[in-house]
Amino acid sequence: MKEIKGGVTAPLGFSANGLHAGIKAGSDPAKNDLALIVSEKECTAAATYTLNRVKAAPLYVTMGHLEDGTARAIIANSGNANACAPYSHEYAERTCTAAAKATGLDKADFVVASTGVIGQTLNVEAIEAALPELAAGLKRSEAASDAAATAIMTTDTRKKEVALQVEIGGKTVTLGAIAKGSGMIHPNMGTMLCFVTTDCAITHEMLEEALRGVVKRTFNRVTIDGDTSTNDMCVVLANAMADNPLIEWKDAGYAAFEAALTELCTSLARQIAADGEGASRLVSCTVSGARSEECAERLAKSVVGSSLVKAAMFGADANWGRVLCAMGYSKAPFRPEHVNCSFRSTAGEIPVCRGGEALDFDEDVAKQVLSQDEVEILVSLDEGDGEATCWGCDLTYDYVRINGDYRT
């Protein structure tokens with residue numbers, strides 16, 4: 001398995017584009033806000049969606065389009081969530097209709113996604129006007145994937161993109177992806193938009209099973225601010241152009257594909273956590289020795305989701321008591337007297353707690369360890385074999401600044 005360049009256009013048969021359509025009034029003309037991804041051939045498709053009871057119209061439209069397990073293209077906009085707004089379902093369908101007309105496909109071939117402000121009417125006319133140019137500019141290039149990746153960004157400060165290759169049945173299979181996510185991240189799926197393309201030959205059943213398992217171990221382990229969005233979607237399109245033996249059961253080919261999809265989504269999950277709104281550092285928590293993987297995940301997610309832990313990480317304060325406190329209200333079973341805790345970064349590792357009690361440590365060394373761009377919180381319990389890593393970020397003054405006037 002190796003990482004390559006190209007994002008969503010790295011797999012065979014996929015092209016992409018992104019441009020500025022002017023969906024949000026007063027938006028920066030230099031910022032793309034409309035993305036299109038198209039496959040040369042029909043794809044097996046699978047998706048996961050937010051578990052928020054309030055779901056945006058594009059999710060329902062996409063669910064309908066994917067009922068047969070196939071799709072061929074993705075149309076996505078930023079600048080407006082098209083959620084809880086007048087005509088939202090109609091406008092999501094109109095977006096697909098316009099995309100179909102511009103590409104010569106059927107509107108049911110499209111996944112449609114939106115991200116941005118909730119409760120405001122979508123400027124669907126701007127999308128319809130821009131689609132002919134958007135479709136005409138479709139290309140299979142790294143720049144084309146970049147254009148699509150920047151088009152789905154909202155408060156993101158950087159594009160999130162990755163591609164890799166793996167050998168399956170003697171054939172080179174490529175996976176590529178773009179994602180967006182910075183705030184409103186506390187997933188019951190993965191609070192973001194993520195579009196994965198692959199030229200792998202795989203059945204709908206196996207693709208769906210792989211996606212659901214991988215999402216649970218990657219995007220579901222990211223938390224930024226405790227809010228689950230209305231628009232979350234992770235979609236995989238597989239067009240079979242790699243000509244590998246069809247993956248139709250859990251054989252060695254399935255294992256290789258699942259491993260590649262896991263690596264791809266782990267990279268994106270880390271990129272999303274590192275780019276949390278206002279964040280100055282990526283914070284991860286690994287819990288080992290727990291009674292089960294589920295128990296370890298619940299403990300780790302509680303730690304990285306704690307506002308007090310996040311604030312301590314911002315201040316580079318080795319306040320390990322907040323880690324134990326967050327574990328204590330996670331509702332996961334563990335024995336406090338078994339907890340060992342340390343902080344680690346490129347500056348070194350410093351143990352701060354053993355057997356649930358304080359260890360003497362050098363505050364200046366701890367400050368240095370916690371002042372790096374990525375900080376790991378390591379917790380061991382010695383109660384079983386369960387282990388999980390969850391990702392988050394620190395909580396800075398800028399988070400409130402960004403969200404205090406997000407709508408206006």
Taking distance alone, no hydrogens or angles, what donor-acceptor pairs closer than 3.5 Å link side-chain atoms of residues 329-336 to residues at least two apart or in another chain?
{"residue": "S330", "atom": "OG", "partner": "M327", "partner atom": "O", "Å": "2.7"}
{"residue": "S330", "atom": "OG", "partner": "A332", "partner atom": "N", "Å": "3.2"}

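- The shortest side-chain heavy-atom distance between C325 and V323 does not fall under the 4.5 Å cut-off.
- A salt bridge is defined here as a Lys NZ or Arg NE, NH1 or NH2 lying under 4.0 Å from an Asp or Glu carboxylate O, and R212 with E208 meets this definition.
- The two residues A16 and A144 have their closest heavy-atom pair at O-CB, 3.2 Å.
- A distance-only check finds a donor-acceptor pair linking the side chain of T218 to the backbone of V214 [under 3.5 Å].
- A donor atom on one side chain and an acceptor atom on the other are found under 3.5 Å apart for K180 and T154.
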Q. Which is it for E209 and Y254 under the side-chain contact (heavy atoms from CB on, under 4.5 Å) test, yes or no, and what are the steps along the way?
A. CA-CA 10 Å; E209 183 153 351; Y254 177 87; 3.7 Å; yes
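- Side-chain contact, S114 with N82: no donor N or O sits under 3.5 Å from an acceptor N or O.
- Here the shortest heavy-atom pairing between A256 and E167 reads CB-O, 4.3 Å.
- Residue T198 holds its OG1 atom at 5.0 Å from CZ of F257, rounded to the nearest 0.5 Å.
- At a threshold of 4.5 Å between non-hydrogen side-chain atoms, the residues L12 and T174 do not count as touching.
- Proximity of V166 to L175: side-chain heavy atoms (C-beta onward) are separated by under 4.5 Å at one or more points.
- Judged by distance alone, the side chains of T172 and Q165 never bring a donor and an acceptor atom under 3.5 Å apart.
- Summarising the geometry, atom CG belonging to L207 is positioned 8.5 Å from atom CG belonging to L237; distances are rounded to the nearest 0.5 Å.
- In this structure the side chain of F195 reaches within 4.5 angstrom of the side chain of I37, judged on heavy atoms.
- Annotation: the span from E42 atom CD to L105 atom CG amounts to 10.5 Å, rounded to 0.5 Å.
- Counted within 6.0 Å of CD on E294, heavy atoms from surrounding residues, nucleotides or ligands total 12 or fewer; the atom is thus considered open.
- Here the OG1 atom belonging to T157 is positioned 6.0 Å from the NZ atom belonging to K160, to the nearest 0.5 angstrom.
- Side chain of K55 to backbone of A83: no donor-acceptor contact under 3.5 angstrom is found.
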**Q.** From CA spacing to verdict: side-chain contact (heavy atoms from CB on, under 4.5 Å), M313, C393
**A.** CA-CA 8 Å; M313 293 299 100; C393 62; over 6 Å; no
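- For S145 and E161, the side-chain atoms include at least one donor-acceptor pair closer than 3.5 Å.
- One finds the CD atom of E374 at 10.5 Å from the CD atom of Q372 (value rounded to the nearest 0.5 Å).
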Q: Using the side-chain contact (heavy atoms from CB on, under 4.5 Å) rule, take N17 and S15 through it: C-alpha gap first, then chi angles, then the decisive distance, then the call.
A: CA-CA 7 Å; N17 194 17; S15 57; over 6 Å; no
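- At least one donor-acceptor pair under 3.5 Å links the side chain of S302 to the backbone N or O of A326.
- Within a 6.0 Å radius of NZ in K5, no more than 12 heavy atoms belonging to other residues, nucleotides or ligands are found.
- Checked by atom type and distance alone, the side chain of D199 never pairs as donor or acceptor with a backbone atom of P11 at under 3.5 Å.
- In this structure, H204 contributes its side chain and A45 its backbone to a donor-acceptor pair below 3.5 Å.
- Looking at R221 and E293, a side-chain N of the basic residue comes within less than 4.0 Å of a carboxylate O on the acidic one, giving a salt bridge.
- The backbone N or O of R217 lies less than 3.5 Å from no partner atom in the side chain of N220, so there is not a single donor-acceptor pair.
- Side-chain atoms of S280 and D394 include a donor-acceptor pair closer than 3.5 Å.
- Listed by chain and residue number, K107 satisfy the salt bridge (charged side-chain N to carboxylate O under 4.0 Å, His left out) test with E93 (two or more places apart in sequence, or in another chain).
- Taking the side chain as every heavy atom from C-beta outward, E349 and E376 never approach each other to under 4.5 Å.
- With 3.5 Å as the limit, one finds no donor-acceptor pair spanning the side chains of T262 and E258.
- For R72 and E40, the salt-bridge test fails: no basic side-chain N is under 4.0 Å from an acidic carboxylate O.
- By the 4.0 Å N-to-carboxylate-O rule, K2 lies too far from E263 to be salt-bridged with it.
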Q: Mind running side-chain contact (heavy atoms from CB on, under 4.5 Å) on S267 and Q271 for me, showing each step along the way?
A: CA-CA 6 Å; S267 173; Q271 291 180 53; 3.1 Å; yes
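- A pairwise comparison of heavy atoms in M233 and T62 identifies CE-OG1, 3.8 Å as the closest pair.
- At least one donor-acceptor pair under 3.5 Å links the side chain of T9 to the backbone N or O of S141.
- Side-chain contact check for T203 and E248: no donor-acceptor pair (N or O, by modelled atom type) lies under 3.5 Å.
- Contact annotation: the side chain of T103 approaches that of L36 to within less than 4.5 Å [non-hydrogen atoms, C-beta and beyond].
- Contact of the L122 side chain with the S88 side chain is not registered, since no non-hydrogen atoms from C-beta on lie closer than 4.5 Å.
- Once rounded to the nearest 0.5 Å, the distance linking CD1 of I377 with CH2 of W320 reads 13.5 Å.
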Q: Start with the C-alpha gap between K24 and D33, add the side-chain angles, then the distance that decides, and say whether salt bridge (charged side-chain N to carboxylate O under 4.0 Å, His left out) holds.
A: CA-CA 9 Å; K24 184 176 181 180; D33 58 7; over 6 Å; no
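- Residues C194 and L268 are in side-chain contact: their nearest non-hydrogen atoms beyond the backbone lie under 4.5 Å apart.
- Judged purely by atom type and a 3.5 angstrom limit, H89 has no side-chain atom pairing as donor or acceptor with the backbone of A57.
- Atom CG of D373 is surrounded by 12 or fewer heavy atoms from other residues, nucleotides or ligands within 6.0 Å.
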